[in-house]
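First up is the structure itself, then whatever we jot down about it.
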Amino acid sequence: MIRVEDFEKSYRDIFAVRGLSFEVAAGSVLGVVGPNGAGKTTTMRALAGIIPPSAGRLSIAGHDLVNDSIAAKSQLAFVPDEPQLFDVLTVWEHLEFTASIYRAHRFAAEAERLLAQFELTDKRDTIAQELSRGMRQKVAICCAYLHQPQAIIFDEPLTGLDPRGIRTLKASIRERAAAGAAVMVSSHLLDLIDDLCSHLLILHHGRCLFQGTITEAKNRLETVGTDASLEDIFFQFTENSKPVSAAPSDQSPSPPISAEN
C-alpha cells in the first residue's frame, strides 16, 4: 500500500533523506524512529504529497504520487504533528468539508461513529479555536479516517492526547490495520512503537539504518540479547551513524542500509 523506492530529498548540498527504500503492506503498522533531523518528517511529508522528492519514486496503493497524485491522495490520510484546523469551522463542519473533498457522499453515519469513538459528540457544534490541543488532534484523526483510507500516516500522533485519548487512538490504529490499511507511525515515544507496531524503520542522518521486525533487529545486533528493549536497539543502531552530505551530480548515491545488508 505504501512504497518508497530510492527516495532522496536534498536542500542545496545537504540531503535530508538519501537512498531510502521500504514498503508497508496492507495490515502492517510500521514504526518510524530516529533522532531529531533523521528525515522522518521529510519522508512523511513527501509521502503526503506536500513536498516533492528530489529523486526516487513514492506510491500509494499502486499510484505514483508525482504522476498520479489525485488517485494516490484519494487513498491516503496524513495526520501531522501539528494539525491545522480552520478556526471558525465547527467540528461537524470539518467532517463535512473533508467528506466533500474526498467525495464521501454518505459520510454522516461514519462521522457520528467517529465522534462517539473519540468522545467528541458533545463538541460537534464547537468551533475549532475553542477546542483544546488534544481535542483538535482528535478532530484531525476523525477527518483522516472518514474516507476509509488504505494508507494512513501519523507524525507524533499522541501530542496533546490524555490517557483515554491515547488508548482510543491505539485501538483505532489496530482496528484500521486489521481492516487492511497500511499504517505508518513516527514517534520519539519508543514504548508506543514497541506496543503498537509490527515493523520498524530506523532513520539517522537521512539514511535507513534498519528495517524489519524488532526480533530481526535483535538478531542483527550481536551485542543485545533477546530481552533487549527497543531503546537498547535504537541506541545500538544510531550512536555510531555518520551524517551525509550531498554528492556531486556525477556521483551515484550510496545504497540504503537495510535489514538485508
Quick one: closest heavy-atom pair of [X] and [Y], and the distance?
X    : Y    : value
A77  : A144 : CB-O, 3.3 Å
C142 : L120 : SG-CD1, 4.1 Å
L209 : R220 : O-NH1, 3.8 Å
S74  : A71  : OG-O, 2.6 Å
A217 : F210 : N-CZ, 3.4 Å
G39  : V17  : O-CG2, 3.7 Å

Problem set entry | Stepwise side-chain contact (heavy atoms from CB on, under 4.5 Å) check, L65 with L47 | CA-CA 7 Å; L65 264 163; L47 278 168; 4.2 Å; yes

Atom [atom1] of [X] with >12 non-hydrogen neighbours under 6.0 angstrom:
X    : atom1 : result
E82  : CD    : yes
D68  : CG    : yes
R133 : CZ    : yes
R113 : CZ    : yes

If we ignore hydrogens and angles and just use 3.5 Å, is the side chain of [X] paired with the main-chain N or O of [Y] as donor and acceptor?
X    : Y    : value
Q211 : S21  : yes
R207 : G19  : no
H204 : T238 : yes
K9   : P52  : yes
K138 : E119 : no
Q137 : L158 : no
S28  : V24  : no
S198 : V29  : yes
S59  : G62  : no
H147 : L76  : yes

Quick one: do [X] and [Y] end up in the same hydrophobic cluster if we chain Ile, Leu, Val, Met, Phe, Trp and Tyr together by side-chain heavy atoms under 4.5 Å apart?
X    : Y    : answer
V66  : F7   : no
Y102 : F107 : no
L20  : Y11  : yes
L115 : I127 : no
W92  : I141 : yes

How long is the span from the [atom1] atom in [X] to the [atom2] atom in [Y], to the nearest 0.5 Å?
X    : Y    : atom1 : atom2 : value
L230 : L189 : CG    : CG    : 11.0 Å
L146 : E96  : CG    : CD    : 10.5 Å
T90  : L85  : OG1   : CG    : 11.0 Å
R45  : I50  : CZ    : CD1   : 4.5 Å
I193 : L30  : CD1   : CG    : 8.5 Å
E175 : L169 : CD    : CG    : 11.0 Å

Tell me, do [X] and [Y] make a side-chain contact under 4.5 Å, heavy atoms counted?
X    : Y    : answer
Y145 : S172 : yes
I2   : I60  : yes
L131 : V91  : yes
P149 : Q75  : no
S229 : F234 : no
K40  : H188 : yes
V32  : F22  : no

Problem set entry | Pair K123 + E130, salt bridge at N-O below 4.0 Å |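 Salt bridge between K123 and E130, a charged N being under 4.0 Å from a carboxylate O: no.
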
For this session: Please determine if D64 and R57 form a salt bridge, counting it only when a charged side-chain N lies under 4.0 Å from a carboxylate O.
Result: yes

Exercise. Can you list the steps and then say if Q84 with R136 is a side-chain contact (heavy atoms from CB on, under 4.5 Å)?
Worked result: CA-CA 9 Å; Q84 300 298 311; R136 292 168 69 91; 5.6 Å; no

For this session: Run the numbers on V185 and I173 for side-chain contact (heavy atoms from CB on, under 4.5 Å), then give the verdict.
Result: CA-CA 9 Å; V185 180; I173 290 174; 4.3 Å; yes

For this session: Classify the side-chain pair T159/D81 by whether it contains a donor and acceptor separated by less than 3.5 Å.
Result: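 Checked: T159/D81 side chains show no N/O donor-acceptor pair below 3.5 Å.
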
For this session: Might you work through the side-chain contact (heavy atoms from CB on, under 4.5 Å) test for I202 and V33, ending with a clear yes or no?
Result: CA-CA 5 Å; I202 302 177; V33 301; 3.7 Å; yes

For this session: Give me the ring orientation class for F97 and F86: parallel if the planes are under 30° apart, tilted from 30 to 60°, perpendicular past 60°.
Result: perpendicular

